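Here the structure comes first, spelled out in structure tokens, and everything after it is commentary.
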2 protein chains.
Amino acid sequence: MQHATSSRDTKAEIHRAAVELFSTQGYDKTSLREIAEQVGITKASLYYHYSSKQQLLRAIVGTFLDDIFQVLRLPETLPWSPETEREVLGAYVDVIIAHRATGPTLLRDIAAVLAAFGDDLDELIAQSRRFQLWLAGPDPTAADRLRAAAAVEAVGAAMSIELDLQAGDAEIRAVLLDAATAVLARRGSPVVE
Amino acid sequence: MQHATSSRDTKAEIHRAAVELFSTQGYDKTSLREIAEQVGITKASLYYHYSSKQQLLRAIVGTFLDDIFQVLRLPETLPWSPETEREVLGAYVDVIIAHRATGPTLLRDIAAVLAAFGDDLDELIAQSRRFQLWLAGPDPTAADRLRAAAAVEAVGAAMSIELDLQAGDAEIRAVLLDAATAVLARRGSPVVE
DNA sequence: GTCTATAGGGTGATAGAC
DNA sequence: GTCTATCACCCTATAGAC
């Protein structure tokens, strides 16, 4: 029993260290030596827990992908309305916040993530496009679609904020939901050029 | 004269090959050997034209870097006020839009751009942080700083929109400026949790 | 201007002892 | 489960011949 516990702890520590280093330095620029050093083991020991660097990346990004896909598919079952919009937007914010530590890795090392997940990412882009189109509301103009894209990007700010920000998850959630809503509320407004 | 012409052609070919490879593979994953091979010369010859890999990168993203840094530095000389805020925000939107139009290959691929910034990315992040802090307004709360980050991200939507969007630069500019302003207008609002 | 050759370093990954 | 030692490979960059 003690063996299993020790094993799980080390594996979790590797996972945690990898998330931190990948996020701050990027996947490519983070070496397995660095990760091992931070955990206090050697590279060889790391390989006992994860059979390759890619496997480690898959373990990290995999859970995020599962969650985000679930949210992006929500519109498929829900007709658009102000109420469902708020519900979907809230779910999206929740996922972004929950996985904001892995966010930078995704944004900075798309190439590596693409190599690790292949076709899944193409589907993510397509799904994300449908998601934004749904958010644009019924019969959207080009400006409305742009507003929907801007609203989604605004929520993504959760991934780029600093760690020293003195705000709890609940506050971050409320502010970003409010910000996205404010952008979407401009739908239908005349565009003054 | 023939020497100079030949020289300029090779240098231009290196530049072209580098743009293509950086865009598709990212900066880190593209080796000078690959670039040299594509041009039909050796690495050593490449070093005759560009003194380092970073120099090559600077030649490619130089103008964008200069422009974005110039905008991010604007707050240093301007005290915050509603008027200067609108001016700075407008300048930011202009740079994003301008480089979206002139360098679609480079700017549309977020991964390649971020990778191409290399070590400058750290300085860009620091400058961007000061920029966002200024945008948050005087004596900002944590929520206000988050709103500023969200506003900046919203403008960034210009980079991720599809080509089939039926909207001119002027309309995109107006919509994004309006969206960012709408987010910033929420500053000071009570956060309902 | 371009080449060959090489220095000097880092990387992911494996073998085998304990 | 963790270690030491090592392999095979790739990288940036430089020196010097042509």
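On a predicted model such as this, the values are computed, not experimentally measured, just so you know. Chain identifiers are assigned alphabetically (A, B, ...) following the order of the sequence lines, protein sequences preceding nucleic acid strands; residue numbering begins at 1 within each chain.
Taking atom CD of A:Gln55 as the reference point, atom P of C:dG12 lies 15 Å away to the nearest angstrom. At whole-Å resolution of the value, CG in B:Leu46 and P in D:dT14 are 13 Å apart. The distance from atom OH of A:Tyr50 to atom C1' of C:dG12 is 17 Å, rounded to the nearest whole Å. At whole-Å resolution of the value, CG in A:Asp9 and P in D:dT2 are 10 Å apart. In this structure, the NZ atom of A:Lys11 is 16 Å from the C1' atom of D:dT2, given to the nearest Å.
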Atom pairs, N/O to N/O, protein against nucleotides 15-18 of chain D, distance under 3.5 Å?
none

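The salt bridge (Lys or Arg N to Asp or Glu O under 4.0 Å) check on A:Asp94 picks up A:Arg173, with sequence neighbours excluded. Checked against salt bridge (Lys or Arg N to Asp or Glu O under 4.0 Å), A:Arg16 has no partners two or more places apart in sequence or in another chain.
Proximity note for A:Lys43 (side chain, C-beta onward) versus C:dG12, C:dT2, D:dC3: the nearest is C:dG12. When distances are taken from the side chain of A:Thr42 to each of D:dA13, D:dC3, C:dG12, the shortest belongs to D:dC3.
Annotation: the span from A:His99 atom NE2 to A:Met159 atom CE amounts to 8.5 Å, rounded to 0.5 Å. Atom CG of A:Leu32 is separated from atom OG1 of A:Thr42 by 11.5 Å, given to the nearest 0.5 angstrom. The distance from atom CD1 of A:Ile96 to atom CG of A:Leu176, rounded to the nearest 0.5 Å, is 9.5 Å.
Taking a 4.5 Å side-chain heavy-atom cut-off between Ile, Leu, Val, Met, Phe, Trp and Tyr, the cluster of A:Val183 extends to B:Val183.
A close approach under 4.0 Å does not occur between any side-chain nitrogen or oxygen of B:Tyr48 and OP1 or OP2 of C:dT2. At the phosphate of C:dA13, OP1 or OP2 sits under 4.0 Å from a side-chain N or O atom of A:Tyr47. Regarding contacts with the backbone of C:dT2, a side-chain N or O of B:Thr10 is found under 4.0 angstrom from either OP1 or OP2.
Under the 4.0 Å criterion applied to side-chain N and carboxylate O atoms, B:Asp178 and A:Arg186 are assigned as salt-bridge partners.
Sorted by first and then second residue, the ring-ring contact (aromatic ring centres under 6.0 Å, His included) pairs involving residues 100-127 of chain A (not counting sequence neighbours) form an empty list.
Under a cutoff of 6.0 Å and an axis angle of 45°, B:Lys29 and B:Phe22 do not form a cation-pi pair.
Of the residues in residues 30-38 of chain B, those lying under 4.0 Å from DNA chain D by heavy-atom distance are B:Thr30, B:Ser31, B:Leu32, B:Arg33.
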